[in-house]
Amino acid sequence: MDVLLTNLIKGKLLPKAHVWIVSQPEGVHKIPSEYIKKTVHCEDFGNNETLTDVREQASVDVLLINLIKGTLLPNARVWITSQPPAAEKLPDNFVDRITEIRGIDRQKTSALLNEVFTDLYIIEGEAAQNETQQVQDAKFKTVKEETTIKYCDIFKPAISNQNIKTVLTIGVAGIGKTFASMKYILDWAEGKADKNIFFIFPLPFRELNLRKDKEHSLEDLIHQFFPALKNSEITDYDKYEILIVLDGFDECRLDLEFSEISKWTDVATATSVNVLLSNLLLGNLLPKAQIWITSRPAASNNIPPEKVDRMTEVRGFNDEQREKYFMKRFSDEEMAHKILAHVKKSRNLYIMCHIPVFCWITSKVLEDFVTRNQNEGLPKTLTDMYTLFLLLQRRQTKVKFGNNQPSSETSEMETCCDTSSDETILSLGKLAFKGLEEKILLFTEEDLTGCGIDITKAAVFSGLFTQIKREYHGFYQQKLFCFVHLSIQEYLAALHVFYSFSNKGEKVFIEPTSAASDLTASDFYKKAVDKAFENKNGDWDMFLRFLLGLSMESNQDLLQELLKRTINNELTKMNTNKETAEYIKEKIRENNSDPDKNLNLFYCLNELNDHTLVQEIKNYLHSETKPFEHFTTSQWSALTFVLLTSDEKLEVFDLKKYLKSEKVLLGMLPVVRVSNTTLLSWCELSEESCHGLTSAVLSYPSSNLTELDLSHNDLLDAGVMRLADGLKNINCKLEILKLAGCQVTENGCSYLAKAIESNRVSSLKFLDLTYNHPGENGMNVLSAIVENPDKTLEKVCFDHGGKHRLKPGWNKYGADLTFDGNTASKRLVLLEVNKKAKTVSKVEEVPTRTYNERRFKRTQIFCNEGLEGLCYWEVEWKGKVGIAVAYADVGRTWDSDGGLGCNHWSWSLLCSKTGYTAMHKRTSIEINAPPCEKIGVFLDWEGGTLSYYSVSSEGRSLIHTFKAKFTAELFPAFWFKKGSITLSDL
Ligand SMILES: Nc1ncnc2c1ncn2[C@@H]1O[C@H](COP(=O)(O)OP(=O)(O)OP(=O)(O)O)[C@@H](O)[C@H]1O
């Protein structure tokens, strides 16, 4: 027994077991101190003085001990809450900080993360491991679906042996990135998950920014965030499994440098935070630690892709999760149903509610509506919602100040409180605007006082503005504040600008020049439109939406009391709004280069209640006539907006359904981004489209595109080089890329090969390079990648290659035809080295033809070449002729099946001075088109089409298309009433 116990305590027996020894104090010395990790003294409970009278004076300790022991208030129930055991290894206050929802739900003290957290829709990008097994696994997944991942599995390997060290999670503002990471940490702290992880260090960029001016060691930095660790005497961090959560990379104001970085591996020596963070991300510092970075999409491009092992994107709530959110949010089920019903009433609102932060604001506002039994004035626009939210905060503050029922004694006090709280709101607006201008998200006390804000008064607006709770803060002594969400900062900034202009005539964001003072209201809004429009990063886009929303009378009615003014007629005149709307439409018309900017302008029109453009497009889409050829730029932008905001998921985007035009494509790139498949073949595109696709789609983090068909456009190697840049990008999710007939040579192939080689997360499986000229080398470099088990590429098609494929346009499909003299009728003569056939009036007997006289009874001739695949040829004709194709054994003899175009196995276009007739089987279709001397024939054998075109110096114009399922080679053939056919050279 002794041996057993000794070895158990020493850790030799059951080395991983926790051992808890309970002993009288005098027995403790018998256990060697090196085997004791922690001693808890319980003697206070044993020999303390007894207290029975609640009126008796005693120390807090004595009071508590007696309460717990039950000697004091013996009938009272005592509820002791404690941190769970896993939290023992955590720094002080850690669980509290995570459990309690900071900022955004502060007012509701009972709001615990576990209570409100609703599962999120998160998708996984391709894993970036080099592991053969994983790649092979990926190869067998034939159908690519969006892979969803649960927040708790973010670091879970997809296959065994996979090491996921760094995860990047992206998502738009308020979509739930921070929440997902907090819930992950909480699960761990509660011992529910990731028990192998010893420490999790959340280091938000917001707060790391504050340390950028001084040098720190990584250890120091950790101690600043978690002072309790100072006493932990950890000497070797590599001994522990550590997860570092770097939240909000988009807010990073450090100059992280990943390329020519000075390598830093020392945890204990001080250097700049820039160097520490860059080295942490590159894996030089704490090489074994796992890293979780969250970021809004645009900023995430700066993270070196090869260092990211898994990309995930938070997409917010899907329909089911959205409903769950509202059901969880309200303990009163009836209330939850009512609110959901309100949300569902407005399609706009319902769609916006896929963003959790918007759900939160919506639930606050609608809860108030339902409680007050109010059905009128439900919010319709984004600004409506935020205005109502602000008014709710204002009313709640009023209630906090005391009596809500005005009476003669309290009214003066109330007015005073109202005034001061309204002033606080307006000052918060000033601070918000200053923050937007200077790109500040965290504010110090000086910032607040600088804007005339009294901290104690601002504290009551905890639904808008909050102090960052950091009692454990060792390093940064100042108190720090922030708006509960950036969108609230943007709304308040717009309110400030609106208020300054309408009440004081100040144009805050316009340089104080004399000209500015003469600005009319509509000029003022136009300047705001320009300001947002000119900002590349879209920093002022939301602000503009709010400012324009505030210019609406409906919003000003709501805010009248807060703004303490009668409505300035000029500001709300319908004319002003109309003028602004027209100005925005003009901007949309003029802007051909940045489709995303136009989208924001459409959202602005929505705020101004101007739906004319959008409605017009919706009408077109529902009508028979879709005059896309005559669409203006603004109509194209409106179409883009309509497609993007449609309820239906856009699986396939086919440009040909609208207009084959490069300019149109470039304007509709945001639509390409959300589609899974984009079809752009035969659209007359050039290198410019490749450039646009790479920058706005393939490199775009949240693009959905997995299949891209760019075939039969003259992209050349230059275009392929642009596309290769996209293929290199970590965000590129393409699995199928079709570049048939794009004039690609060996060079183009090597750009593609290098791109696929260099992208660790390349998911490309199929590459179509038919009808190009890859040459031996081009084929070899790409085939080598197919052979490489570390790469997902399964197949590259090189069929129908050759030098002639480098000809421009349709000439690359040119069929080099010659007449087969043996099939020529006696009435025909062949001229110009078998390129011209002509009827003659006097038939001359040709001795070589006599072996089968019957075949010459029809005046026709066939070509030698049997065609499949894509082929194009042109002929010049005179007289009355039939231009046809037929299977090999058809119609060459005089038989009962009739001539060319009169049976199942041939198709013909009869050409004469009066027009054309399309003939197949026994049907013929008259085509009313002016006769043209030159006819182009395009055969897409696999696609099952045979098209005839008139060809002139103005281009090609379609005469007729036959559709059929071709089953064998087709031979060009010609029938003559009288006249001639010349095969043209291409
Ligand atoms: N899973 C969730 N369940 C319930 N509420 C959520 C969830 N995710 C987010 N929210 C709500 O949305 C708010 C914003 O979420 P969060 O701060 O995580 O967004 P974010 O993506 O980090 O945004 P930002 O990029 O602006 O920092 C939260 O404070 C919370 O009210």
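Scope of the values below: all heavy atoms of this structure, side chains included, with no hydrogens, waters or symmetry mates. Here the structure is a predicted model, which means the values were calculated and not measured. Whatever order the structure lists ligands and atoms in, that order sets their numbers, starting from 1. All residue numbers refer to positions in the sequence shown, counting from 1.
For ligand 1, the polar-atom distance check against F317 finds no nitrogen or oxygen pair separated by under 3.5 Å. On a distance-only criterion, I175 and ligand 1 share at least one N/O pair closer than 3.5 Å. At least one N or O atom of T118, backbone or side chain, sits closer than 3.5 Å to an N or O atom of ligand 1. Looking at T178 next to ligand 1, an N or O pair under 3.5 Å apart turns up. Between K177 and ligand 1, at least one pair of N/O atoms sits closer than 3.5 Å.
Residue G248 places every heavy atom at 4.0 Å or more from ligand 1. Under a 4.0 angstrom heavy-atom cut-off, V116 registers as being in contact with ligand 1.
Using modelled atom types and a 3.5 Å distance limit, the side chains of D368 and T371 yield no donor-acceptor pair.
A salt bridge links K183 to D187: at least one charged side-chain nitrogen sits closer than 4.0 Å to a carboxylate oxygen. Comment: D119 does not engage K324 in a salt bridge, judged by the lack of any side-chain N to carboxylate O separation of less than 4.0 angstrom.
Crowding of K156 atom NZ: a count of heavy atoms from other residues, nucleotides or ligands under 6.0 Å not exceeding 12.
One option in Y325, F179, Y121 has a heavy atom closer to atom 30 (C) of ligand 1 than any other, and that option is F179. Distances from atom 19 (O) of ligand 1 to the heavy atoms of G176, S487, P204 show the closest one on G176.
With ring centers used as reference points, F443 lies 6.0 Å or more from F481. Aromatic ring centres of W540 and F433: separated by under 6.0 Å. Checked against the 6.0 Å centroid threshold, F201 and F225 do not count as a close aromatic pair. Aromatic ring centres of Y184 and Y151: separated by at least 6.0 Å.
Residue-level proximity to ligand 1 for M182 is absent, since no heavy atom of it falls below 4.0 angstrom.
Residue L120 has at least one heavy-atom neighbour below 4.0 Å for each of these atoms of ligand 1: 1 (N). Within ligand 1, the atoms closer than 4.0 Å to a non-hydrogen atom of V357 are 12 (O), 13 (C), 14 (C), numbered from 1 in the order shown.
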